[in-house]
Amino acid sequence: MNKTKYRLGIILFIVVYFVSTILLQFINGIGAGMVDYMIHSIINVAMYIVFILAFGLKKSLRFNLKSLGEGIVVGGAFTLWTVFNIFYYIIRGIKEYGTPLMETKGIIIFVIAITIGAGMGEEFLTRGVLFNFIRSAIGNTKAGIITAMIIPSMAFGLIHLGNLSGCSDPTPVYAQVIYAIGIGFLFNAVYVRCGNIWACSILHAAFDLSVMVYFCIFRNEGLEGIGSLVAEWLGYDALILKGVAITVGFFAVGLFLIRDSKLQKCIERYENEALEN
């Protein structure tokens with residue numbers, strides 16, 4: 001494995017990422033807010049895929065039903081949480097509003113945008129590029145893999161600082177940043193175990209939609225009110241502490257998933273993939 005190649009790749013990606021972030025600010029006004037978000041997300045996903053393929057990591061994009069199912073099962077705690085949210089918020093929405101206030105066309109665009117933006121965009125960024133590049137740059141060891149899990153998890157949390165824009169109270173967003181770090185670490189653990197990024201993409205998109213189905217679809221509140229959404233979802237009081245509790249809990253679950261008896265098999269898989277490239 002050429003570690004230098006991936007170290008340089010990380011630097012190059014960071015530069016390209018920030019330049020593209022600036023340039024994408026000029027691609028606005030093409031459609032409604034969600035349409036612009038979807039267009040930005042498609043461009044970002046394409047960029048991530050180019051990096052993944054250019055650096056010989058095409059296996060990280062493979063789709064396999066067996067490993068997909070394994071990822072859903074391995075992420076059991078998160079899967080159950082997501083399923084609970086889906087049923088709870090749909091039932092709550094029906095009881096309070098009967099039918100969604102968002103129009104059908106808007107719902108379709110919203111679901112597609114979140115699936116591409118969060119499910120694919122954020123996963124291909126943090127798992128597809130950052131995790132794989134950092135792991136490849138450090139090496140397939142326990143320390144290397146854990147380091148490659150922690151850094152993208154931090155990045156996953158920090159990208160949610162973008163929700164501060166137009167937010168009157170920053171506290172809910174800070175809480176979101178904190179608990180996103182824990183969720184990111186759990187997703188990394190699931191990815192290490194199953195090797196299927198699509199499992200993380202599906203879990204991620206499903207979770208975001210499970211929370212947003214009530215606030216954004218039934219109540220027709222846009223993503224501009226994400227701070228209020230997070231505050232109401234967490235229960236307003238002690239938001240930061242709740243964010244910390246979620247992160248601590250998911251870090252514990254993530255470390256359990258990659259315990260030595262399981263991690264060794266994952267390391268062997270990475271080594272075999274490196275020999276094949």
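Treat the numbers as computed from the prediction; the structure is a model and nothing was measured. For reference, positions follow the sequence shown, starting with 1.
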With no hydrogens and no angle check, is any side-chain donor or acceptor of S201 less than 3.5 Å from a backbone partner on G119? yes

Cut-off 3.5 Å, no hydrogens considered: what does the side-chain donor-acceptor table look like for residues 42-51, sequence neighbours left out?
| unit_1 | atom_1 | unit_2 | atom_2 | d |
| --- | --- | --- | --- | --- |
| N44 | ND2 | H40 | O | 3.3 |

Could you check whether any side-chain heavy atom of N132 comes within less than 4.5 Å of a side-chain heavy atom of Y191, counting everything from C-beta outward? yes

Identified ring pair (Phe, Tyr, Trp, His ring centres under 6.0 Å) counterpart of Y179 within the set Y174, F207, W233: W233

Where does the angle between the aromatic ring planes of W198 and F124 fall among parallel (under 30°), tilted (30 to 60°) and perpendicular (over 60°)? perpendicular

Determine whether a donor-acceptor pair (N or O, by modelled atom type, separation under 3.5 Å) exists between the side chain of K95 and the backbone of I90. no

Would you give me the side-chain donor-acceptor pairs under 3.5 Å for residues 101-118, sequence neighbours excluded?
| unit_1 | atom_1 | unit_2 | atom_2 | d |
| --- | --- | --- | --- | --- |
| T115 | OG1 | V111 | O | 2.7 |

So, E96 versus Y214: side-chain donor-acceptor pair below 3.5 Å or not? yes

Donor-acceptor pair, T126 side chain versus P152 backbone, under 3.5 Å? no

Of all residues at least two apart in sequence or in a different chain, which pass the side-chain hydrogen bond (donor to acceptor under 3.5 Å, both in side chains) check with E232? R92, R219

Between F215, F84, Y97, which is the residue that forms a ring pair (Phe, Tyr, Trp, His ring centres under 6.0 Å) with Y89? F215

Mind checking whether R62 and N64 have side chains closer than 4.5 Å, heavy atoms only? no

Taking salt bridge (charged side-chain N to carboxylate O under 4.0 Å, His left out) as the definition, give me every residue that meets it alongside D260, ordered by chain and number, with sequence neighbours left out. K142

Just to verify, what does N188 make a side-chain hydrogen bond (donor to acceptor under 3.5 Å, both in side chains) with, not counting sequence neighbours? R127, S153

With no hydrogens and no angle check, is any side-chain donor or acceptor of K3 less than 3.5 Å from a backbone partner on I138? yes

Is any side-chain heavy atom of I246 closer than 4.5 Å to a side-chain heavy atom of L234? yes

Is there a side-chain contact between L209 and T82, using heavy atoms and a 4.5 Å cut-off? no

Side-chain donor-acceptor pair under 3.5 Å between N163 and Q176, yes or no? yes

Connected to V83, directly or through other members, by ILVMFWY side-chain contacts below 4.5 Å are F87

Does CZ in F63 sit with more than 12 non-hydrogen atoms of other residues, nucleotides or ligands closer than 6.0 Å? yes

Quick check: do Q264 and R259 have side-chain heavy atoms less than 4.5 Å from each other? no

Rounded distance (nearest 0.5 Å) linking atom CG of L255 with atom CG of L263: 10.5 Å

Any donor-acceptor pair under 3.5 Å from K262 side chain to L257 backbone: no

Short side-chain to backbone donor-acceptor contact, S136 and F133, under 3.5 Å: no

